[in-house]
Peer 1: 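Here it is: the structure, laid out below.
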Amino acid sequence: MKKLFLIIVLLGLFLMTVRTFAIPPWGENYRYSAYVHVYDEYGNPKPNIWVSLTVTAEDRITLQPLGGTVSGKTDANGYVVLNYYISWDYDPDLIDMMAYVSSSGCTTIQCTGNYTTTGNTLYPEFWVIKDTDQNGIDDDYELLLAEKFCPYLILEAADQGVRPVPVEILDRNGDGKLGWEDVLVKACSLSGYYTGELTLDRILSYPVGNFTIEGWYPIEPYPRSKFCGKVDTDGDGSFDDEGTIKYILYPHFEWGNIGETNPNSWYNTWCTKLTANNTSPYTNGTTYAHFFVKEGEVVIQYYFFYPFNASHNRHEGDWEHINVILNSQNPTTATIQRVEYYFHHRYMNCSTPGVDYYLVGGTHPKVYVAGHICTQYCGEGSHGSYPKAKSWRDIRANVDEDVHGDGLHIDFDGYKNIIIIPEPGRVDRNSDLGWLLFKGFWGHILSSPSSFEVDWSFLDTFFEAIHVDNFAKGVGFPKDAGNIAPLGPAYQPPWDDIGANSGQDIYP
């Protein structure tokens, strides 16, 4: 009898060594459990949050994969118990198990105890925020933060009141929105023949998919076949030369009258549009706020759209920005860690208010909008964002800029003209933010650097023959856009980045 008892004990010990910790009673299944508690960022319980438990295992004998996922919703106290079962018919060897918040529109900002490779029970705790755009910032906080830290702009008087405006100022078809219907297309044949600007009805064959605002190639090297289309330049309803001629197509928005690419015409159009659109967004200014989390820091990227740049480098469309880095996403307690000012593909880190930058009302960084540059061509309104009004030396190689701070002060109408812009992938192309998807140029492709030069056909031809052809062969655009219209904010290197990672050089 003693021998029989000893055999039974040894057999039990053997079974314990070959089973996982999830040993069920005889005749039942193996159970893997998670006792979950979900809170908001203040420690309050969060009900109706979906949580999932995933178990990965394999059968010891057959090496057959086992496991799966079970989900459940938290109760009024933020609790939910999740149990996943594996049949007693198998001999499971646990690989790992993990619990996670699976509710759409929620982001986990912190969690504990949600993963194991050895046990059969988890006691995870999650702290979550409402985050439908998945940028790591609570949706309810975004506008409050954007308003609290919105920059205070001081313009250059000689720039004739040009200020950040809504992108809808480029609307051409009069529907009050900026979309692909407002796009013009510059077409160049592969033999070098340039047709001028075309409207959409003259584009009969498109280079990439459907002709939509997001359907064009991104600005990266591609074979010519990726962005060559067929057009109808004479308006007869058919392809040029029955489709034998292919064109490189450059979609773009256009400021003012088509083909007017010098400061005199730009300023005239500005005055006309400002008079016709004497409403708050145009007269007081608009800023676009983009949120992201970088290396644990909360960043508000404030973008300003100026319809043109009439300084030394002259081009239509001018996107400028600063980064405001915060210590928290809670609007009540958040303070500024530092401000990054960006100008001419350079940036400055400013962290001491009253010393290297200034605040209005304790939370609104002052931005002195540049400024006067005079080298070969002189001009105002480069619109770079500076922390102080002074003469800035060597902003680029042997180029200085005078920032006077003597123009209009813009506080964005009590910080009401703020528009939150998410990632392009989260934008509906038919919404008011559909323009964020546009991958073409924000202005006439090439502008004249001189206000007194009327005939600009020589450089236009040079650009088409040299720059466009090189680009078609895979040569990218230069770092400094010069007189070439820029891309939209989401397709420029600083988007979603800070400091040296933004593709800009530190100043000085």
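These figures come from a predicted structure and were not determined experimentally.
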Peer 1: Can you list the steps and then say if Tyr303 with His321 is a ring pair (Phe, Tyr, Trp, His ring centres under 6.0 Å)?
Peer 2: CA-CA 4 Å; Tyr303 279 94; His321 81 288; 5.1 Å; yes

Peer 1: Evaluate side chain to side chain donor-acceptor pair (under 3.5 Å) for Tyr342 paired with Asn323, printing each intermediate quantity in order.
Peer 2: CA-CA 8 Å; Tyr342 286 78; Asn323 289 339; 3.3 Å; yes

Peer 1: Step by step, would you call Asp140 with Lys130 a salt bridge (charged side-chain N to carboxylate O under 4.0 Å, His left out)?
Peer 2: CA-CA 7 Å; Asp140 294 333; Lys130 177 185 175 184; 3.6 Å; yes

Peer 1: Pairs in or reaching into residues 365-393: which pass salt bridge (Lys or Arg N to Asp or Glu O under 4.0 Å), with residues at least two apart or in two chains?
Peer 2: Arg393-Asp400

Peer 1: Between Leu145 and Ile137, is any pair of side-chain heavy atoms under 4.5 Å apart?
Peer 2: yes

Peer 1: Looking only at atom types and distance, does a side-chain atom of Ser311 sit under 3.5 Å from a main-chain N or O of Asn313, one as donor and one as acceptor?
Peer 2: no

Peer 1: Do side-chain atoms of Tyr302 reach the backbone of Cys150 as a donor and acceptor pair under 3.5 angstrom?
Peer 2: yes

Peer 1: Kindly write out the residues that satisfy side chain to side chain donor-acceptor pair (under 3.5 Å) with Thr107, not counting sequence neighbours, or none if the list is empty.
Peer 2: Asp131

Peer 1: Look at the side chain of Asn173 and the backbone N and O of Glu181, then say whether any donor-acceptor pair between them is shorter than 3.5 Å.
Peer 2: no

Peer 1: Keeping the roles fixed (side chain from Arg426, backbone from Asp133), state whether a donor-acceptor pair exists under 3.5 Å.
Peer 2: yes

Peer 1: Between CD of Gln504 and CG of Asp497, what distance do you get to the nearest 0.5 Å?
Peer 2: 10.0 Å

Peer 1: Quick check against the 3.5 Å criterion: does Asp182 have a side-chain atom that pairs as donor or acceptor with the backbone of Gly179?
Peer 2: yes

Peer 1: Applying disulfide (SG to SG under 2.5 Å), name anything that partners Cys271, two or more places apart in sequence or on another chain.
Peer 2: none

Peer 1: Between Ser447 and Asn483, does the side chain to side chain donor-acceptor pair (under 3.5 Å) criterion hold? Intermediate values first, please.
Peer 2: CA-CA 5 Å; Ser447 298; Asn483 296 85; over 6 Å; no

Peer 1: Answer yes or no: is there a donor N or O on one side and an acceptor on the other, between the side chain of Arg172 and the main chain of Glu254, under 3.5 Å?
Peer 2: yes

Peer 1: Minimum heavy-atom separation for Ile129 and Asp138, please, with both atom names.
Peer 2: CD1-N, 3.4 Å

Peer 1: Taking only residues two or more places apart in sequence or in another chain, which ones pass side-chain contact (heavy atoms from CB on, under 4.5 Å) with Glu297?
Peer 2: Ile325, Arg338, Ile498

Peer 1: Write down the atom of Ser385, the atom of Ile322, and the distance for their closest heavy-atom approach.
Peer 2: CB-CG2, 3.5 Å

Peer 1: Might you point out which heavy atoms bring Val427 and Pro422 nearest each other, and give the distance in Å?
Peer 2: CG2-CG, 3.7 Å

Peer 1: Which of these, Tyr368, Tyr358, Phe343, sits in a ring pair (Phe, Tyr, Trp, His ring centres under 6.0 Å) with Tyr386?
Peer 2: Phe343

Peer 1: Nearest heavy-atom pair of Glu260 and Trp266: which atoms, and what distance?
Peer 2: O-NE1, 3.2 Å

Peer 1: So do the side chains of Leu433 and Ile421 get within less than 4.5 Å of each other, counting heavy atoms only?
Peer 2: yes

Peer 1: Determine, step by step, whether His383 and Glu156 satisfy the side chain to side chain donor-acceptor pair (under 3.5 Å) criterion, reporting the C-alpha distance in whole Å, the side-chain angles of both residues, the deciding distance to 0.1 Å, and the verdict.
Peer 2: CA-CA 9 Å; His383 304 135; Glu156 187 84 0; over 6 Å; no

Peer 1: Could you go step by step and tell me if Val399 and Ile373 meet the side-chain contact (heavy atoms from CB on, under 4.5 Å) rule?
Peer 2: CA-CA 8 Å; Val399 176; Ile373 298 177; 3.8 Å; yes

Peer 1: Work out which heavy atom in Ser382 is nearest to a heavy atom in Glu401; give both atom names and the distance.
Peer 2: OG-OE2, 2.5 Å

Peer 1: Asn135 and Glu142: side chain to side chain donor-acceptor pair (under 3.5 Å), yes or no, with the steps?
Peer 2: CA-CA 10 Å; Asn135 62 4; Glu142 290 185 1; 2.8 Å; yes

Peer 1: For His372 and His404, run side-chain contact (heavy atoms from CB on, under 4.5 Å): C-alpha distance rounded to whole Å, both residues' side-chain angles, the deciding distance at 0.1 Å, then the answer.
Peer 2: CA-CA 8 Å; His372 178 78; His404 299 103; 4.1 Å; yes

Peer 1: So, Asn430 side chain and Gly434 main chain: donor-acceptor pair closer than 3.5 Å or not?
Peer 2: no

Peer 1: Any side-chain to backbone donor/acceptor pair from His315 onto Gly317? Under 3.5 Å, distance only.
Peer 2: yes

Peer 1: Are Lys177 and Asp171 ion-paired here, with the side-chain N under 4.0 Å from a carboxylate O?
Peer 2: no

Peer 1: Going by the rule side-chain contact (heavy atoms from CB on, under 4.5 Å), which residues pair with Asn327 if we only count those two or more places apart in sequence or in a different chain?
Peer 2: Ala334, Thr335, Gln337

Peer 1: With the side chain counted from C-beta on, respond yes when Ile49 and Val101 share a heavy-atom pair under 4.5 Å apart, and no when they do not.
Peer 2: yes

Peer 1: Which atoms form the tightest heavy-atom contact between Tyr267 and Ala158, and what is the distance?
Peer 2: OH-O, 4.3 Å

Peer 1: Count the heavy atoms of every other residue, nucleotide or ligand shown that sit under 6.0 Å from NZ of Lys273, and state whether that count exceeds 12.
Peer 2: yes

Peer 1: Do the non-hydrogen side-chain atoms of Tyr347 and Tyr507 ever get within less than 4.5 Å of each other?
Peer 2: no

Peer 1: Kindly assign one of parallel, tilted or perpendicular to the pair His252 and His444, based on the angle between their ring planes and the thresholds 30° and 60°.
Peer 2: perpendicular

Peer 1: Classify the ring geometry of Trp435 against Tyr288: parallel below 30°, tilted from 30° to 60°, perpendicular beyond 60°.
Peer 2: perpendicular

Peer 1: Evaluate side-chain contact (heavy atoms from CB on, under 4.5 Å) for Phe149 paired with Leu326, printing each intermediate quantity in order.
Peer 2: CA-CA 9 Å; Phe149 298 103; Leu326 308 176; 3.8 Å; yes

Peer 1: Which distance, rounded to the nearest 0.5 Å, do you find between the CG of Leu436 and the CD1 of Ile419?
Peer 2: 11.5 Å

Peer 1: With a 3.5 Å distance limit and no angle check, can you tell me whether Asp394 reaches the backbone of Ala397 through a side-chain donor-acceptor pair?
Peer 2: no

Peer 1: Counting only N and O atoms by type, is there a donor-acceptor contact under 3.5 Å from the side chain of Arg346 to the main-chain atoms of His344?
Peer 2: no

Peer 1: Is any side-chain heavy atom of Val367 closer than 4.5 Å to one of Val339?
Peer 2: no

Peer 1: Going by the rule side chain to side chain donor-acceptor pair (under 3.5 Å), which residues pair with Asn417 if we only count those two or more places apart in sequence or in a different chain?
Peer 2: Ser280

Peer 1: Is a donor from one side chain sitting under 3.5 angstrom from an acceptor on the other, for Asn330 and Ser328?
Peer 2: no

Peer 1: Whether Asp240 and Lys230 form a salt bridge (side-chain N of Lys/Arg under 4.0 Å from carboxylate O of Asp/Glu) is what I want to check.
Peer 2: no

Peer 1: Show your working on ring pair (Phe, Tyr, Trp, His ring centres under 6.0 Å) between Tyr141 and Phe291 and close with a plain yes or no.
Peer 2: CA-CA 11 Å; Tyr141 291 169; Phe291 286 84; over 10 Å; no

Peer 1: Would you say that Val183 contacts Phe438 through its side chain, given a criterion of any heavy-atom pair below 4.5 Å between the two side chains?
Peer 2: yes

Peer 1: For His409 and Tyr152, take the angle between the two ring planes, folded into 0 to 90°, and tell me which bin it lands in: parallel under 30, tilted 30 to 60, perpendicular over 60.
Peer 2: perpendicular

Peer 1: Does a side-chain heavy-atom distance below 4.5 Å link Ile336 with Leu359?
Peer 2: yes

Peer 1: Within the structure provided, determine whether Glu316 and Pro307 are in side-chain contact (heavy-atom separation under 4.5 Å).
Peer 2: no

Peer 1: Show, in sequence, the C-alpha distance, side-chain angles and deciding distance for Trp442 and Phe305, and conclude whether the ring pair (Phe, Tyr, Trp, His ring centres under 6.0 Å) test is met.
Peer 2: CA-CA 10 Å; Trp442 280 73; Phe305 178 67; 5.3 Å; yes

